[in-house]
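In what follows, a single structure is set out as C-alpha cells and then discussed.
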Amino acid sequence: MNPKIILRKISLEDCVKISQAFSEQSWNKAVSQYQLYVQYQEQGIRDVIIAEFEGVFAGYLTIHWKSDYTAFREKGIPEVVDLNVLKKFQRKGIASRLMEEAESRIKKVSPFAGIGFGLTKDYGAAQILYINRGYKPDGNGLVKNSRSLSYGEQVTVGDDLVFYLIKSL
C-alpha cells in the first residue's frame, strides 16, 4: 500500500473543491453532483470514497448499493459507479486503491461486485483496470439506459452506452 494515498468519506466541504479540481482539467463536474453524493451517502444509498494523495484531493468513486442497472439490481449486486482520478494523479495506484476499498466493502454484503464502462477511448484506462482486476462481462452485451441492445439496433455512442462487468469476490 502507498502511504501517500489516504481514503475517506466525502463531506460537504469537499464539494466545491472536487468540482474545481476537475474544472482545472476541463472536465465539467457540477458542485451539485457532489452535494447529491453527500446526501446519498447520508441516506445509505451510496458510499462515496475520496482519495487524497499527499493531502491533496486526487479522485473518488461511489458504490451504488442498489444499482440502476436492472440486471445488477435484480440480483442484489452493488455497482461501482463514477470512478474518477484527476489526470495529474493517474498512474500512482489511486484507482486501484479505490477499487480495493470498494470491493472490500461490497464483499461484506454480496459475493459479486458490478461495474460498467463507456465504450469510447475516454474510458480506455478504466476498461484496462477492470479487466486486469478480474471483472468479466455479465453476458448482457451492450446496454443503453439499462436495456440490452438487440442485433441491428442503431444507437448514438455516448456515456449512456455501457458494457457491464461482474467480479466474484
Side-chain angles (χ1 to χ4, degrees), residues 1-69 72 77-107 113-136 143-144 156-167 169:
M1 271 204 279
N2 186 336
K4 295 178 180 182
I5 302 170
I6 303 295
L7 302 180
R8 62 175 178 79
K9 69 180 189 175
I10 193 171
S11 68
L12 270 176
E13 294 75 34
D14 293 316
C15 299
V16 171
K17 179 174 41 173
I18 294 169
S19 178
Q20 287 175 340
F22 282 107
S23 179
E24 289 171 8
Q25 66 179 32
S26 300
W27 289 10
N28 183 22
K29 296 205 172 265
V31 173
S32 60
Q33 174 182 340
Y34 302 105
Q35 292 168 334
L36 188 59
Y37 280 176
V38 170
Q39 289 177 10
Y40 286 162
Q41 181 173 264
E42 290 171 352
Q43 296 167 355
I45 296 169
R46 292 190 189 206
D47 279 6
V48 184
I49 308 167
I50 299 293
E52 293 179 342
F53 187 83
E54 296 181 338
V56 177
F57 169 77
Y60 70 93
L61 69 64
T62 79
I63 304 167
H64 196 181
W65 294 108
K66 290 185 181 178
S67 175
D68 290 335
Y69 176 45
F72 289 169
I77 300 173
E79 182 184 355
V80 175
V81 181
D82 203 19
L83 168 61
N84 283 286
V85 176
L86 292 168
K87 291 177 186 177
K88 65 185 175 184
F89 292 111
Q90 292 177 359
R91 310 293 307 162
K92 297 183 184 305
I94 294 165
S96 292
R97 278 288 301 283
L98 285 164
M99 289 296 296
E100 288 166 12
E101 179 64 22
E103 291 167 1
S104 174
R105 293 181 188 194
I106 291 169
K107 188 175 184 174
I115 200 158
F117 58 72
L119 302 178
T120 63
K121 186 176 181 178
D122 295 340
Y123 294 93
Q127 295 165 1
I128 292 166
L129 173 69
Y130 305 151
I131 298 299
N132 286 342
R133 292 192 63 79
Y135 285 82
K136 297 179 181 175
V143 174
K144 185 172 180 82
T156 300
V157 175
D159 289 338
D160 58 350
L161 186 61
V162 180
F163 193 71
Y164 285 97
L165 308 169
I166 58 173
K167 179 179 179 179
L169 302 173

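Atoms considered below: every heavy atom in the structure, side chains included; atoms not considered: hydrogens, waters and symmetry mates.
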Roughly how far apart are [X] [atom1] and [Y] [atom2], rounded to 0.5 Å?
X: Leu161; Y: Lys144; atom1: CG; atom2: NZ; result: 6.0 Å
X: Ser104; Y: Met99; atom1: OG; atom2: CE; result: 12.0 Å
X: Leu83; Y: Ile94; atom1: CG; atom2: CD1; result: 10.5 Å
X: Leu165; Y: Glu79; atom1: CG; atom2: CD; result: 10.0 Å
X: Tyr37; Y: Ser32; atom1: OH; atom2: OG; result: 10.5 Å
X: Ile63; Y: Ile49; atom1: CD1; atom2: CD1; result: 4.0 Å

Can I get a per-line list of side-chain donor-acceptor pairs under 3.5 Å for residues 118-132, giving both atom names and the distance, sequence neighbours left out?
from   : atom 1 : to     : atom 2 : distance (Å)
Tyr123 : OH     : Asp159 : OD1    : 2.6
Gln127 : NE2    : Gly118 : O      : 2.8
Asn132 : ND2    : Ile128 : O      : 3.4

Any residue meeting side-chain hydrogen bond (donor to acceptor under 3.5 Å, both in side chains) with [X], in chain and number order, not counting sequence neighbours:
X: Lys4; answer: Glu54
X: Tyr34; answer: Tyr60
X: Ser19; answer: none
X: Ser23; answer: none

For this session: Sequence neighbours left out, what passes salt bridge (charged side-chain N to carboxylate O under 4.0 Å, His left out) with Lys136? Give chain and number order.
Result: none
side-chain contact (heavy atoms from CB on, under 4.5 Å) involving [X] - partner list, sequence neighbours excluded:
X: Glu42; value: Val38
X: Lys167; value: Glu103, Arg133, Tyr135, Leu169
X: Lys87; value: Gln25, Trp27, Gln90
X: Ala21; value: Phe57, Leu86

Seminar exercise, completed: The ring-ring contact (aromatic ring centres under 6.0 Å, His included) partners of Tyr69 (sequence neighbours excluded) come to Phe72, Tyr164
Do the non-hydrogen side-chain atoms of [X] and [Y] ever get within less than 4.5 Å of each other?
X: Ile45; Y: His64; answer: yes
X: Trp65; Y: Arg105; answer: yes
X: Asp68; Y: Val81; answer: no

Seminar exercise, completed: Shortest non-hydrogen pair, Gln41 vs Asp47, comes out as OE1-C, 4.3 Å
Exercise. What closest approach, in Å, do Ser67 and Ile77 show between heavy atoms, and which atom pair accounts for it?
Worked result: CB-O, 4.0 Å
Exercise. Is any side-chain N of the basic residue among Arg97 and Glu101 closer than 4.0 Å to the acidic one's carboxylate O?
Worked result: no
For this session: Mind jotting down which residue pairs meet the salt bridge (charged side-chain N to carboxylate O under 4.0 Å, His left out) criterion with at least one end in residues 11-39? Sequence neighbours excluded, please.
Result: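 Qualifying pairs, neighbours excluded: Arg8-Asp14, Asp14-Lys17, Lys29-Asp82.
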